[in-house]
Amino acid sequence: MTEAPQTHGRSFSELFGACAKDPDCQAAYPDLERQTYDLIDRLNADPVRVPITDRRPGRDTTPCWTGTPSSTC
């Protein structure tokens, strides 16, 4: 599993714990923690560029998404 910075790790722990205690969330996302960390690993290994269209002319951008906030493409 990828190690997230401490604040992100705490936030994820709270999210996973809250989902596990909520029957609807648990039913919809039975493997939320594993799937989240798998996604982080995949994005760190192969970042994704997502084109974003801005309504203002000339403001379109294509940011790069990784699994770790401090990572760059």
Side-chain angles (χ1 to χ4, degrees):
M1 228 187 306
T2 298
E3 292 295 300
Q6 188 174 2
T7 56
H8 291 101
R10 186 171 39 250
S11 297
F12 282 152
S13 292
E14 290 178 17
L15 173 69
F16 302 145
C19 186
K21 293 176 185 175
D22 181 285
D24 291 334
C25 185
Q26 179 63 26
Y29 307 101
D31 295 321
L32 180 61
E33 184 171 5
R34 181 188 56 78
Q35 290 177 335
T36 299
Y37 286 114
D38 285 352
L39 176 60
I40 289 170
D41 288 340
R42 286 195 317 269
L43 286 171
N44 282 332
D46 189 19
V48 175
R49 292 195 177 273
V50 180
I52 297 175
T53 302
D54 194 312
R55 292 180 183 176
R56 298 169 291 181
R59 305 281 305 235
D60 294 355
T61 186
T62 305
C64 181
W65 298 88
T66 65
T68 307
S70 61
S71 296
T72 58
C73 295

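The residues of the chain are indexed from 1 along the displayed sequence.
- Remark: R55 engages no residue in a side chain to side chain contact (heavy atoms under 4.5 Å, CB included) (not counting sequence neighbours).
- In this view, P30 and Q26 satisfy the side chain to side chain contact (heavy atoms under 4.5 Å, CB included) rule, not counting sequence neighbours.
- Listed by chain and residue number, nothing satisfies the side chain to side chain donor-acceptor pair (under 3.5 Å) test with D22 (two or more places apart in sequence, or in another chain).
- Evaluation of the disulfide bond (SG atoms under 2.5 Å apart) test over residues 27-63, restricted to residues two or more places apart or in two chains, returns none.
- Listed by chain and residue number, R34 satisfy the salt bridge (charged side-chain N to carboxylate O under 4.0 Å, His left out) test with D38 (two or more places apart in sequence, or in another chain).
- Within the hydrophobic cluster formed by Ile, Leu, Val, Met, Phe, Trp and Tyr side chains joined at under 4.5 Å, directly or through other members, L39 is accompanied by L43, V48, V50, W65.
- T53 pairs by the side chain to side chain contact (heavy atoms under 4.5 Å, CB included) definition with D60, not counting sequence neighbours.
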Only pairs under 3.5 Å count here: list side-chain donor-acceptor contacts from residues 14-21, not counting sequence neighbours, and write none if there are none.
none

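- Y29 is not listed as a side-chain neighbour of T36, based on a closest heavy-atom distance of 4.5 Å or more.
- Between N44 atom CG and T66 atom OG1 the span is 5.5 Å, to the nearest 0.5 Å.
- In this view, D46 satisfies the salt bridge (charged side-chain N to carboxylate O under 4.0 Å, His left out) rule with no residue, not counting sequence neighbours.
- The list of disulfide bond (SG atoms under 2.5 Å apart) pairs with a residue in residues 36-68, not counting sequence neighbours, reads C64-C73.
- A search for side chain to side chain donor-acceptor pair (under 3.5 Å) contacts involving R56 returns D54, not counting sequence neighbours.
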